[in-house]
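A quick write-up on the structure given underneath.
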Protein chains: 2
Amino acid sequence: MKFNTKTRYGLRAMVEIARETNNNGIFQKDISERQDISNKYLDHIIYALKVAGLITNVKGKKSGYILTRPADQIRILDINNAFEPGICVIDCIERNYKCDRENTCSAKKFWSGLNNIIADYFQNNTLQDLLEQQMELEKKETANQ
Amino acid sequence: MKFNTKTRYGLRAMVEIARETNNNGIFQKDISERQDISNKYLDHIIYALKVAGLITNVKGKKSGYILTRPADQIRILDINNAFEPGICVIDCIERNYKCDRENTCSAKKFWSGLNNIIADYFQNNTLQDLLEQQMELEKKETANQ
DNA sequence: ATTAATCCTATTGCAAAAGTAGTATAAAAT
DNA sequence: ATTTTATACTACTTTTGCAATAGGATTAAT
């Protein structure tokens with residue numbers, strides 16, 4: 001049970017973009033350098049985030065990426081959903097999934113309970129939360145040096 | 001992000017074993033039939049559960065499997081851990097994982113927060129909870145027919 | 001001895017994830 | 001206008017780990 005790299009990298013990329021949104025944005029290649037992600041692979045990440053409508057580079061190719069809406073209105077779930085159909089820890093809890101056992105399976109209840117708490121966590125955390133956390137961590141780190 | 005079939009099947013097998021523990025246990029092949037799992041594949045599941053010390057067939061090969069301890073003392077986490085090293089949604093939150101960013105990465109905080117709530121869920125649910133749920137669901141189903 | 005069930009290791013098959021390549025395009029700099 | 005630089009988009013390759021099967025060994029009851 002591991003989360004995929006696209007969602008992981010996507011999160012980190014979004015934090016970078018969020019922090020530079022009020023400062024003319026950030027280039028893909030700069031995200032690549034700061035986060036140690038191959039620029040070529042990051043291509044896919046950025047592309048998916050753009051298609052999902054979370055980021056834009058409206059002023060042309062050399063303007064850098066910015067968020068399309070405030071960070072507190074971007075849930076982590078939105079970022080996840082740029083790469084995945086949603087949160088689903090096990091196939092049988094999806095709509096339209098047919099299973100003879102579905103009404104008498106305590107395991108299914110267990111898994112759907114798990115799915116709910118994960119989905120809640122993704123709903124309740126926003127990019128703003130991560131951004132604030134990020135700033136705090138960096139401040140702390142600077143103070144230690 | 002999907003849970004693997006071993007843990008899924010393992011859960012269902014454990015419920016079957018739990019319900020038959022006070023009744024001379026249950027054979028692997030009967031679990032296989034009741035749960036529609038290939039007997040050959042179930043081999044691995046049962047084996048892992050036995051190695052983990054959760055089940056036994058103490059009276060010999062023809063006695064059927066029973067639990068080694070009461071269902072309320074078997075956490076779902078114990079079952080998970082028969083198949084997995086533990087709960088870990090992303091490599092970088094493991095001990096000994098080296099990353100330059102580790103002290104200043106808000107994403108890591110997010111993921112380890114998620115890991116905690118999942119681990120808690122697995123800790124707080126026991127096989128007894130599933131068993132009771134199971135009995136209730138079956139009673140309800142019988143009433144509907 | 002034979003049978004029926006488990007025990008245990010090895011191996012195969014396959015699908016999805018991770019990552020690379022390459023061409024097209026578009027804005028900006030010269 | 002041409003060159004440069006960065007993104008846009010599709011296709012492809014490589015890798016990995018999961019799911020499942022195979023098969024012989026073992027054990028205990030018939």
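All chains are named by letter (A, B, ...) in the order of the sequence lines, taking the proteins before the strands, and each is independently numbered beginning at 1.
Distance Asn39(B) CG to dG23(D) C1': 14 Å, rounded to the nearest Å. Between Ile66(A) atom CD1 and dT7(D) atom P the separation is 14 Å, expressed in whole Å. Residue Leu49(B) contributes atom CG, which lies 14 Å from atom C1' of dT6(C) at whole-angstrom precision. Look at CG on Asn57(B): it is 10 Å from C1' on dA5(C), rounded to the nearest Å. Straight-line distance from the CZ atom of Phe27(A) to the C1' atom of dT5(D): 9 Å, rounded to whole Å. Protein atom CG of Asp30(A) is 13 Å distant from nucleotide atom C1' of dT5(D), rounded to whole Å.
Remark: the Ser106(B) side chain and the Gln134(A) side chain contain an N/O donor-acceptor pair separated by less than 3.5 Å. With 3.5 Å as the limit, one finds no donor-acceptor pair spanning the side chains of Asp120(A) and Gln123(A).
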Subject >> Base versus backbone protein contacts along nucleotides 13-21 of chain C [heavy-atom cut-off under 4.0 Å; B, S, -] >> reply: -----SBBB
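Close placement of the Phe122(B) and Phe3(B) rings is indicated, their centers lying within 6.0 Å of each other. Not less than 6.0 angstrom separates the ring centroid of Tyr121(B) from the ring centroid of Tyr121(A).
The Lys29(B) side chain lies nearest to dA5(C) when the options are dT6(C), dA6(D), dA5(C).
At the heavy-atom level, Tyr65(A) lies under 4.0 Å from the strands shown only through sugar-phosphate atoms.
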Subject >> Trace of the side-chain contact (heavy atoms from CB on, under 4.5 Å) decision for Arg12(B) with Arg34(B) >> reply: CA-CA 10 Å; Arg12(B) 282 158 53 191; Arg34(B) 289 194 200 173; over 6 Å; no
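A salt bridge between Lys109(A) and Glu136(B) is absent, with no side-chain N of the basic residue lying under 4.0 Å from a carboxylate O of the acidic one.
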